[in-house]
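Read through the structure below, which is laid out as structure tokens, and then see the notes.
For the single chain, residues carry numbers from 1 onward in sequence order.
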Amino acid sequence: MTNIKKVGVIGAGAMGAQIAVVAALHQYDVVLQDISNDRLIKAKEVLETQLEKRVRKGRFSRDEVDKAFEHLTFTTEINQLHDVDIIIEAIIEDLEAKQTLFQSLEKIVSENCIIATNSSTIVSSKLIDKLTYQNRVCNIHFFNPVLVMELVEVVQGPHTSKEVAQQAMTFIQSIGKKPVLLQKEISGFIANRILARLMDEAIYLYEHGYASYEEIDVVVEKALGHPIGPFALMDLTGLDVNYAVRKQRYAETGLEVDRPKQSVVEKVEKGELGRKTGKGWYEYDQHGKKIENIQK
């Protein structure tokens, strides 16, 4: 294995863009690739806004931010990833899309390049069937928002070499994050499996009329000490993401408990996806600030 000097990130959504800029802030050369130039433009604008706020608050210096953007390349051309040492994929939660992407990447990058998925639902062993160098594939799961959340889950699949897993751990430490290593694959990993059961119970209590979602959020925040309640968290990450994750897990297990919850399905069908659409469980202004509770 070679030392990681250059990083590739695929997918310029909220996760991919922040993963890219965190690496750039730690002086890695980073290529952020997306098939949509509009998404790349939007990602750059959002990152500039987010980092400007952090400069004003004294969390980063102006020089640190300027240097980060000097290290960051935005492109729609996947071939620009040819010389990176690690790739972190953060595209849609669709198994076939990820499989197709990973097959394309193997034709572009060197045989020593680590290819990781940020997915916490699709384990990397599902992505390797047609790959030659299966040992260099793993999950590297960041949490949203990446600029804030310290923890990263690294998952060593049965195909992943110990050297690749350790190099991934070392890389995560080098960008100021705290990695934990899972030595066996399991869908959802650690944090999201625990969180999923909390969300299941929260939605059960809401759907059966025991309390409003606002009151449940207050209980989780004030009694359990969580920084954000489960319904507000769904709004933050996107109800469509919750739906896609549960749909994928239900397809894998066939267990009714894993099926997307009805109230979430209804909101997704109405396009009420959370902060990104201005309305989910709560309502938000154009800056993502909660402005009004939505009563059912």
Side-chain angles (χ1 to χ4, degrees), residues 14-15 18-19 88 90 93 95 116-126 138-158 160 165 168-169 172-173 177-208 210-211 213-265 267-268 274-275 280-282:
M15 292 297 293
Q18 289 195 33
I19 291 169
I88 300 169
E93 285 295 285
L95 178 59
T117 174
N118 183 58
S119 177
S120 65
T121 307
I122 300 173
V123 292
S124 65
S125 60
K126 293 183 176 295
C138 65
N139 288 75
I140 299 178
H141 176 231
F142 291 79
F143 290 84
N144 189 29
V146 180
L147 278 164
V148 176
M149 299 296 285
E150 183 182 7
L151 185 71
V152 178
E153 294 171 317
V154 176
V155 185
Q156 181 180 334
T160 309
M169 294 282 286
I172 295 304
Q173 290 173 330
K177 301 297 184 183
K178 172 64 178 178
V180 294
L181 177 64
L182 279 73
Q183 299 178 30
K184 294 170 61 176
E185 286 185 337
I186 185 169
S187 179
F189 311 151
I190 297 173
N192 282 350
R193 289 182 69 86
I194 294 171
L195 181 60
R197 294 303 166 239
L198 184 148
M199 282 190 172
D200 283 350
E201 189 62 24
I203 294 174
Y204 175 88
L205 293 168
Y206 164 71
E207 290 185 345
H208 288 79
Y210 291 101
Y213 57 83
E214 299 99 327
E215 291 166 329
I216 295 168
D217 272 357
V218 169
V219 170
V220 172
E221 291 177 21
K222 302 303 182 182
L224 303 183
H226 290 211
I228 188 171
F231 294 95
L233 180 58
M234 279 186 272
D235 276 1
L236 175 62
T237 58
L239 276 86
D240 55 332
V241 174
N242 179 282
Y243 173 80
V245 167
R246 299 310 290 265
K247 187 177 179 181
Q248 176 68 34
R249 190 170 299 171
Y250 177 66
E252 290 182 9
T253 68
L255 298 175
E256 196 63 27
V257 68
D258 289 329
R259 186 191 291 270
K261 304 308 179 188
Q262 185 57 37
S263 57
V264 174
V265 173
K267 286 196 171 292
V268 170
R275 293 191 189 187
W281 294 104
Y282 300 92

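When ring centroids are compared, Tyr206 and His208 stay outside the 6.0 Å threshold.
Nearest heavy-atom pair, Val154 versus Ala168, reported as atom, atom and distance to 0.1 Å: CG1-CB, 4.0 Å. The shortest heavy-atom contact between Pro260 and Tyr243 is CB-CD1, 3.7 Å. For Glu221 against Gly229, the heavy-atom pair with the smallest separation is OE2-N, 3.3 Å. Listed here is the closest heavy atom pair of Cys138 and Val155: CB-O, 3.4 Å.
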- For the pair Ile186 and Val123, evaluate side chain to side chain contact (heavy atoms under 4.5 Å, CB included) and give the outcome as yes or no after the intermediate values. CA-CA 7 Å; Ile186 185 169; Val123 292; over 6 Å; no

- Item | Residues Val245, Asn192; criterion side chain to side chain contact (heavy atoms under 4.5 Å, CB included); working and verdict | CA-CA 10 Å; Val245 167; Asn192 282 350; over 6 Å; no

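At least one donor-acceptor pair under 3.5 Å links the side chain of Lys177 to the backbone N or O of Met149. Proximity of a side-chain donor or acceptor of Gln156 to a complementary backbone N or O of Leu181 within less than 3.5 Å is not detected. Between the side chain of Asn118 and the main chain of Phe142, a donor-acceptor pair closer than 3.5 Å is present. Looking only at distances, no side-chain donor or acceptor of Thr160 sits under 3.5 Å from a matching main-chain atom of Ala165. The backbone N or O of His141 lies less than 3.5 Å from no partner atom in the side chain of Glu153, so there is not a single donor-acceptor pair. With hydrogens and angles ignored, the 3.5 Å screen pairs a side-chain donor or acceptor of Lys267 with a backbone N or O of Gly280.
Atom CD1 of Ile19 sits about 5.5 Å away from atom CD1 of Ile88, to the nearest 0.5 Å. Rounding to the nearest 0.5 angstrom, the gap separating the NZ atom in Lys247 from the CD atom in Glu93 is 13.0 Å. Separation of atoms OG (Ser120) and CZ (Arg193) is listed at 11.0 Å; rounding is to 0.5 Å. Between atom CD1 of residue Ile122 and atom CD of residue Glu185 there is a gap of 12.0 Å, rounded to the nearest 0.5 Å. Atoms NZ and CD, on Lys178 and Glu150 in that order, are 8.0 Å from each other to the nearest 0.5 Å. Note that CD of Glu256 and OH of Tyr250 are 5.0 Å apart. Values are rounded to the nearest 0.5 Å.
The side-chain heavy atoms of Ile203 and Ser263, taken from C-beta on, include a pair separated by under 4.5 Å. Met199 places a side-chain heavy atom less than 4.5 Å from the side chain of Asn242. Side-chain contact between Leu198 and Pro230: present, with at least one pair of heavy atoms (C-beta onward) separated by less than 4.5 Å. You'll find the side chain of Val180 reaches within 4.5 Å of the side chain of Leu151, heavy atoms only. Contact of the Val220 side chain with the Phe231 side chain is not registered, since no non-hydrogen atoms from C-beta on lie closer than 4.5 Å. Contact of the Val148 side chain with the Phe143 side chain is not registered, since no non-hydrogen atoms from C-beta on lie closer than 4.5 Å. Looking only at side-chain heavy atoms (C-beta outward), Val264 and Gln262 stay at 4.5 Å or farther from each other. Residues Glu201 and Leu205 have side chains in contact (heavy-atom distance under 4.5 Å, counting atoms from C-beta outward).
Not counting sequence neighbours, Arg275 has no partner by the side chain to side chain donor-acceptor pair (under 3.5 Å) test.
For Gln183, the CD atom sits in a loose shell: 12 or fewer heavy atoms of surrounding residues, nucleotides or ligands are nearer than 6.0 Å.
Under a 4.0 Å N-O distance rule, the pair Arg249/Glu252 does not qualify as a salt bridge. A salt bridge links Arg246 with Asp200: at least one charged nitrogen is closer than 4.0 Å to a carboxylate oxygen.
Using modelled atom types, one finds no donor on one side chain facing an acceptor on the other under 3.5 Å when comparing Thr117 with Asn139. Side chains of Gln248 and Thr121: a donor-acceptor N/O pair is absent below 3.5 angstrom, by distance only. Looking only at atom types and distance, the side chain of Asn144 has no donor-acceptor partner in the side chain of Thr237 under 3.5 Å away.
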